[in-house]
Amino acid sequence: MKARTVLAGMLLALALPAAAQAQPANAQTPPAAQPRFTTQDVARGRYLATAGDCAACHNAPQAEGKGDNKGSAETGEMAGGYPIVSPLGSIYSTNITPSRSHGIGAYSEAEFSRALREGVRRDGARLYPAMPYTSYSGLTDADVHALYAYFMSAVRPVDRAAPATSLPFPFNIRTSMRFWNALFLKGGPAQADPRHDAQWNRGRYLAETLGHCSTCHSPRGFLMEEKSSAALSGGPLGAWYAPNITSDKVSGIGGWSKQEIAQYLQTGHVPGKAQAAGDMAEAVTHSFSRMTGSDVDAIAAYIAAVPAVHDASDRQPAYSYGKPGTFEAAIRGTQEAKGRQEGARLYSGLCAACHGRDGDGSPDGVIPSLYHNSTVGASRSNNLVAVILHGVDRTVGDQHVMMPGFGERSFVQPLTDHQIASLATFLRGTFGPGGDVTEKQVAVARAQSSLSMILLIARIGLVLAALVLIGIVGWRLRRPKRPPAGQHLS
């Protein structure tokens with residue numbers, strides 16, 4: 001639900017000459033005189049920055065050894081440097097403090113608005129849509145002004161450069177975004193839909209514009225654009241998979257009540273349904289849990305009404321699978337259980353102390369049950385593998401929920417790809433829908449990319465698009481010219 005996404009798209013530039021590169025026409029333009037901001041503007045901007053989860057990408061993780069938590073919008077850091085992992089490489093978030101040397105301190109409000117809503121920097125260079133300007137394009141003028149007031153007057157300037165983004169050819173040609181935007185960027189402030197009430201319209205604005213939920217939860221097309229025809233029906237997100245959150249009762253969250261959706265957003269946990277981990281845990285920690293109850297209720301009302309999108313491979317809701325396990329007695333001495341024994345031993349040694357011998361979780365519900373659990377019961381194993389690798393880290397108020405990961409940099413026993421595959425296979429067979437998890441799946445997840453072929457596919461698509469463009473130009477050049485009106489050939 002935030003800007004930390006797989007790469008959103010940067011194609012169509014292969015056949016363009018170097019002369020087409022964007023010229024920083026406004027690079028030398030002095031910023032407009034900073035207006036006087038009211039305390040109401042700044043307070044509103046602070047809240048909007050929280051609702052937009054700016055901290056998720058623009059605050060780098062804490063120093064090594066202090067965990068992966070990042071500060072919230074209230075800390076005033078915003079100095080960038082966070083690696084937004086994509087199948088094409090890491091896109092580093094920029095410094096958005098009011099530093100004039102390394103941040104946005106020289107931006108006028110108009111330039112700030114252009115970057116936020118059109119993806120164009122002050123020097124004219126194009127931003128990659130890992131910064132979700134495709135969603136922010138719907139921001140109202142009043143909200144842009146409030147955000148500008150907050151960033152320019154309440155965020156501490158940090159004179160530190162963020163690492164430069166360096167993507168492979170052809171994605172390093174930022175001019176290509178000019179053509180991608182022409183195809184897929186729909187600008188203009190969001191307008192209320194008179195067919196719905198004020199709560200639904202507020203929820204849509206928060207979810208689609210500020211919260212940019214579709215950035216993670218919508219599938220992508222061949223040019224990496226969001227598929228509006230299947231909006232919010234799920235999509236890959238590095239090692240994770242952002243699930244279907246449409247109103248479909250099997251593939252989506254149509255079986256959730258509005259109250260449960262709101263509870264999940266505010267706490268990251270709904271017993272018998274799901275728990276937030278990964279990027280969603282960060283969104284809960286730094287954004288949703290800090291929003292007003294009325295705004296969270298509005299988002300829940302909107303999400304509950306999103307048109308259903310069904311996946312034919314889903315047989316029942318992910319949270320409906322499973323029952324308490326009795327695996328220890330079942331596997332001893334049985335020939336058919338040999339394939340499960342390694343996974344069972346790993347579970348007994350590493351997981352049962354917290355999740356219980358039978359997968360019941362803790363009595364207070366803080367440690368979740370492994371049955372009636374969307375992560376274990378999902379048709380895709382991505383999130384189960386990612387949780388084993390990277391763990392869970394989420395803070396709401398004074399409650400910190402933490403499960404250690406078992407990846408390479410874990411402070412607990414690191415597991416091999418084979419061991420994680422065995423453990424995940426065991427969990428799915430005991431508490432979920434069944435199905436083997438392979439070592440290759442774990443290796444891909446460990447590499448933080450669920451789309452290992454995307455670079456090749458995108459390059460092929462780029463070449464094809466270039467060939468079509470060249471063919472059209474050549475055809476037009478060779479086409480016989482029509483004689484002027486009134487002139488006839490003899």
Side-chain angles (χ1 to χ4, degrees), residues 219 233-245 248-253 255 272-275 277-278 309-328 330-331 334-348 350-352 355 358-361 368-392 403 405-407 415-453:
S233 63
L237 190 67
W240 303 84
Y241 190 88
N244 184 327
I245 56 171
D248 188 84
K249 292 186 179 296
V250 175
S251 300
I253 56 174
K273 289 289 197 307
Q275 311 80 41
V309 179
H310 181 69
D311 185 336
S313 66
D314 294 324
R315 295 172 293 176
Q316 63 187 75
Y319 60 81
S320 66
Y321 281 98
K323 59 183 180 180
T326 55
F327 61 90
E328 288 192 1
I331 66 172
T334 59
Q335 189 67 25
E336 64 271 15
K338 283 187 176 180
R340 300 175 59 205
Q341 288 177 350
E342 181 177 14
R345 286 195 297 270
L346 288 166
Y347 180 84
S348 293
L350 301 174
C351 311
H355 287 284
D358 295 331
D360 295 315
S369 165
L370 294 179
Y371 51 90
H372 299 312
N373 184 313
S374 292
T375 299
V376 181
S379 57
R380 294 175 178 84
S381 60
N382 303 54
N383 291 347
L384 176 59
V385 171
V387 164
I388 297 172
L389 278 169
H390 305 299
V392 177
M403 170 192 144
F406 296 89
L415 299 180
T416 66
D417 292 349
H418 173 76
Q419 289 173 319
I420 291 176
S422 297
L423 177 57
T425 298
F426 165 76
L427 292 172
R428 284 173 62 82
T430 304
F431 304 110
D436 291 344
V437 177
T438 67
E439 290 184 49
K440 183 177 180 179
Q441 288 174 290
V442 178
V444 169
R446 196 187 292 271
Q448 288 288 297
S449 173
S450 56
L451 295 176
S452 57
M453 291 295 291

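The CD atom of Q275 sits 8.5 Å away from atom OG of S369, with the distance rounded to the nearest 0.5 Å. A distance of 5.5 Å separates NE2 in H355 from CE in M403, rounded to the nearest 0.5 Å. Between L427 atom CG and L370 atom CG the span is 6.0 Å, to the nearest 0.5 Å.
In terms of heavy-atom proximity, W240 sits nearest to N382 at C-CB, 4.3 Å. Taking every heavy atom of both residues into account, V376 and P433 meet most closely at O-CD, 3.5 Å.
For the salt bridge (charged side-chain N to carboxylate O under 4.0 Å, His left out) condition, no pair includes a residue of residues 421-439, sequence neighbours left out.
Defined by atom type and a distance below 3.5 Å, a donor-acceptor pair is missing between the side-chain atoms of S251 and D311. Defined by atom type and a distance below 3.5 Å, a donor-acceptor pair is present between the side-chain atoms of D360 and Y371.
Without hydrogens or angle criteria, H372 side chain to Y319 main chain gives a donor-acceptor distance under 3.5 Å. With hydrogens and angles disregarded, no donor-acceptor distance shorter than 3.5 Å links the side chain of D314 to the backbone of S379.
A 4.5 Å side-chain heavy-atom check between R446 and V385 finds every atom pair outside the cut-off. In this structure, the side chains of Y347 and L423 come closer than 4.5 Å at one or more pairs of heavy atoms. Counting heavy atoms from C-beta on, the side chains of L384 and T375 come closer than 4.5 Å. Within the 4.5 Å cutoff, no side-chain heavy atoms of L346 are placed close to those of F426. When side chains are defined from C-beta on, Q341 does not count as touching S422, because their heavy atoms never get closer than 4.5 Å. Side-chain contact between V442 and I388 is absent, with no heavy-atom pair separated by less than 4.5 Å.
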* **side-chain contact (heavy atoms from CB on, under 4.5 Å) assessment of V437 paired with T425** => CA-CA 5 Å; V437 177; T425 298; 3.6 Å; yes

* Asked: F406 and L350: side-chain contact (heavy atoms from CB on, under 4.5 Å), yes or no, with the steps?
  -> CA-CA 10 Å; F406 296 89; L350 301 174; 4.1 Å; yes

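Annotation: side chain to side chain donor-acceptor pair (under 3.5 Å) contacts of S233 (sequence neighbours excluded): none.
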